[in-house]
Amino acid sequence: MPELPEVETTRRGIFPHLISTKIIDVIVRDRRLRWPVPAKLGAALKGQYVEAIDRRAKYLLFRFQQGCMILHLGMSGSLRLLAADTPVEKHDHIDFVLENHQCLRFRDPRRFGSVHWTKADPYRHKLLDGLGPEPLNEEFNAEYLAGKAAHRKVAIKNFIMNSHVVVGVGNIYASEALFLAGIHPARAAGRISKLRLSRLVSAIKQVLTDAIAAGGTTLRDFTGGDGKPGYFKQELNVYNRTSEPCPSCGAVIRQASLGQRSTFYCPHCQR
DNA sequence: CCGGACGCCTGTCGGC
DNA sequence: TGCCGACAGGCGTCCG
């Protein structure tokens, strides 16, 4: 499910309700996520107050006075703030019970999500160390991307989905950004002019910013922390629009497979 | 180092 | 209606 806008939407939805709130219990119903939920998680969190919720790439960082919980939503994960007595449903794997009769509930049908606990700097954690820049930061710019792309033969779509190049760009927004930039998704990354890479940087920033403003993209069942869906789906130009007319030129949108993932593009606008 | 394939899971959808 | 394969928004790991 979640790409950067959905993770950010989740963060913005939950943090106002969690800041300075005490975790009084942690109920783990199924530890079998992508990696096992740490056995010590409950003991580590109980009695601690949430000091901040940050985001790095698609990871949510729950900051406590003594340590940090790193949480990834994987492909199908969600976090919702609920009344503590809300009946549990299938795939509700973890409850973080709060002092105000509320609970933060983690649901993840496919169990590709994960939860980690560290007392050290989370940015030094194995999963976060070495990640590329945040796409909305200034350090992600044309000079940076051109330097990274030099001599690379990989398809530009795979390239921008590589978290060592830039984080947070998943399958939906990669297709959308390449459409906005007018670049064919299969073009070799090292064979794109700096001017066009510059346009791609702008397109990535724009599509992610717009998607965050719309509350993310709800394709199937994504909802933010408040249970509301995202509305960016209405603004998608090519994703999931195979055989429909290109909104810009009217040509038929094509679907192809690139790096085991579906890719959507306009054969006329994207070169 | 690079590029590509694989696998972890469950749910859904389309075709027969 | 039921079965079965393909596919789904991620990403660490392994192999050549």
Side-chain angles (χ1 to χ4, degrees), chain A residues 1-10 29-37 55-60 70-79 89-94 106-116 125-132 135 147-178 185-191 204 207-208 211-212 214-224 229-236 238-243 255-264:
Chain A
M1 162 206 348
E3 300 188 31
L4 187 149
E6 291 73 46
V7 178
E8 181 62 20
T9 296
T10 297
R29 299 185 188 82
D30 195 338
R31 332 197 144 269
R32 299 171 303 158
L33 300 184
R34 176 155 196 202
W35 288 285
V37 177
R55 179 188 58 73
R56 169 69 174 122
K58 297 173 191 168
Y59 293 93
L60 288 170
I70 303 171
L71 189 149
H72 197 290
L73 297 173
M75 203 95 128
S76 59
S78 65
L79 282 172
E89 294 180 37
K90 198 175 181 184
H91 307 307
D92 287 343
H93 303 314
I94 307 177
F106 177 70
R107 174 182 296 181
D108 186 6
R110 290 174 71 182
R111 289 195 272 124
F112 284 179
S114 62
V115 179
H116 314 265
H125 190 278
K126 182 185 173 189
L127 294 173
L128 277 71
D129 190 35
L131 289 178
K148 277 275 186 185
H151 312 301
R152 297 288 297 269
K153 295 177 179 172
V154 69
I156 186 65
K157 175 168 179 266
N158 297 348
F159 184 68
I160 59 174
M161 288 179 67
N162 180 345
S163 63
H164 294 282
V165 173
V166 60
V167 301
V169 182
N171 204 36
I172 297 178
Y173 302 114
S175 280
E176 291 298 311
L178 287 165
R187 177 169 287 272
R191 299 199 54 194
I204 289 171
V207 74
L208 293 178
I212 291 169
T217 299
T218 295
L219 287 180
R220 185 165 286 152
D221 54 10
F222 169 78
T223 58
Y231 296 101
F232 194 70
K233 182 178 179 181
Q234 300 159 257
E235 300 177 44
L236 296 176
V238 290
Y239 187 84
N240 230 0
R241 296 194 184 277
T242 311
S243 302
Q255 177 172 356
S257 188
L258 219 46
Q260 331 287 94
R261 311 297 297 276
S262 288
T263 300
F264 305 86

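None of these values were measured; they are calculated from a predicted model. A note on names: the letters A, B, ... follow the listed sequences, proteins ahead of strands, and every chain is numbered from 1.
Within the 4.0 Å cut-off from OP1 or OP2 of dG11(B), at least one side-chain nitrogen or oxygen of H91(A) is found. Side-chain nitrogen and oxygen atoms of K233(A) include none within less than 4.0 Å of the OP1 or OP2 phosphate oxygen of dG9(C). Residue R261(A) places at least one side-chain N or O closer than 4.0 Å to OP1 or OP2 of dG10(C). The phosphate of dA8(C) has OP1 or OP2 within less than 4.0 Å of a side-chain N or O from S262(A). Using a 4.0 Å cut-off, no side-chain N or O of K126(A) falls inside it from OP1 or OP2 of dC11(C). Residue K58(A) places at least one side-chain N or O under 4.0 Å from the OP1 or OP2 atom of dG10(C). Distances shorter than 4.0 Å separate some side-chain N or O of H72(A) from OP1 or OP2 on dC11(C). The side chain of Y239(A) contributes an N or O atom lying less than 4.0 Å from OP1 or OP2 of dG9(C).
Scanning for ring-ring contact (aromatic ring centres under 6.0 Å, His included) contacts around F106(A) gives an empty result, with sequence neighbours left out. Taking the side-chain contact (heavy atoms from CB on, under 4.5 Å) definition, one finds that Q260(A) meets it with nothing, sequence neighbours left out. Contacts of A186(A) classified as side-chain contact (heavy atoms from CB on, under 4.5 Å), with partners at least two apart in sequence or in another chain: H184(A), L258(A). The ring-ring contact (aromatic ring centres under 6.0 Å, His included) search around H72(A) returns Y59(A), not counting sequence neighbours. Residues forming a ring-ring contact (aromatic ring centres under 6.0 Å, His included) with F232(A) (at least two apart in sequence, or on another chain): Y173(A). Under the rule for a ring-ring contact (aromatic ring centres under 6.0 Å, His included), the partners of H125(A) that lie at least two apart in sequence or sit in another chain are H116(A). Here R107(A) pairs with S78(A), R80(A), E89(A), H91(A), D92(A), P109(A) under the side-chain contact (heavy atoms from CB on, under 4.5 Å) rule; sequence neighbours left out. Residues that satisfy the salt bridge (charged side-chain N to carboxylate O under 4.0 Å, His left out) test with R241(A), not counting sequence neighbours, are E244(A).
Comparing the same atom, P, in dC3(C) and in dC9(B) gives a spacing of 25 Å after rounding to whole Å. Annotation: dG3(B) and dG9(C) have their P atoms spaced 22 Å apart (nearest Å).
Annotation for L178(A) and I156(A): closest pair CD2-CG2, 3.8 Å, computed over non-hydrogen atoms.
A donor and an acceptor atom, one from each side chain of K157(A) and N171(A), are located under 3.5 Å apart.
Between the P atom of dG3(B) and the NE2 atom of H151(A) lies a distance of 12 Å, rounded to the nearest Å. As a whole-Å value, the separation of I156(A) CD1 from dG3(B) P is 11 Å. For Y59(A) and dG10(C), the OH to P distance is 12 Å, given to the nearest whole Å. In this structure, N162(A) places its CG atom 11 Å from P of dC11(C), rounding to the nearest Å. Put simply, CG on L131(A) is 7 Å from P on dG12(C), counting in whole angstrom units. For the pair E6(A) CD and dC11(C) P, the computed distance is 12 Å after rounding to whole Å. Regarding L128(A), its CG atom lies at a distance of 9 Å from the P atom of dG12(C), rounded to whole Å. Distance, E89(A) CD to dT10(B) P: 18 Å, rounded to whole Å.
Of the candidate nucleotides dG9(C), dT10(B), dG4(B), dG9(C) has the atom lying nearest to any side-chain atom of E3(A). Comparing dA8(C), dG9(C), dG10(C) by their nearest atom to the side chain of Q255(A) picks out dA8(C). The side chain of V154(A) lies closest to dG3(B) when the candidates are dG10(C), dG3(B), dT10(B).
A heavy-atom distance below 4.5 Å is not found between the side chains of R56(A) and I70(A).
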Below 3.5 Å between N/O atoms, which protein atoms pair up with nucleotides 5-9 of chain B? Just atom names and distances, please.
{"unit_1": "dA5(B)", "atom_1": "OP2", "unit_2": "Q260(A)", "atom_2": "OE1", "d": "3.2"}
{"unit_1": "dG7(B)", "atom_1": "N2", "unit_2": "R34(A)", "atom_2": "NH2", "d": "3.4"}
{"unit_1": "dC9(B)", "atom_1": "O3'", "unit_2": "R111(A)", "atom_2": "NH2", "d": "3.0"}
{"unit_1": "dC9(B)", "atom_1": "O2", "unit_2": "R110(A)", "atom_2": "NE", "d": "3.1"}

Identify each atom pair where a protein N or O and an N or O of nucleotides 14-16 of chain C are less than 3.5 Å apart, giving names and distance.
none

Using residues 160-168 of chain A as the side-chain source, report each donor-acceptor pair under 3.5 Å to any protein atom, sequence neighbours left out, with the distance given to one decimal.
{"unit_1": "N162(A)", "atom_1": "OD1", "unit_2": "H164(A)", "atom_2": "N", "d": "2.8"}
{"unit_1": "H164(A)", "atom_1": "ND1", "unit_2": "G130(A)", "atom_2": "O", "d": "3.1"}

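The 12-atom threshold is not exceeded at CZ of R191(A), counting heavy atoms of other residues, nucleotides or ligands nearer than 6.0 Å.
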Could you provide the dot-bracket string of DNA chain B, using ( ) for intrastrand pairs, [ ] for crossing pairs and | for bases paired to another strand, with Watson-Crick or G-U pairs below 3.5 Å? .|||||||.|||||||
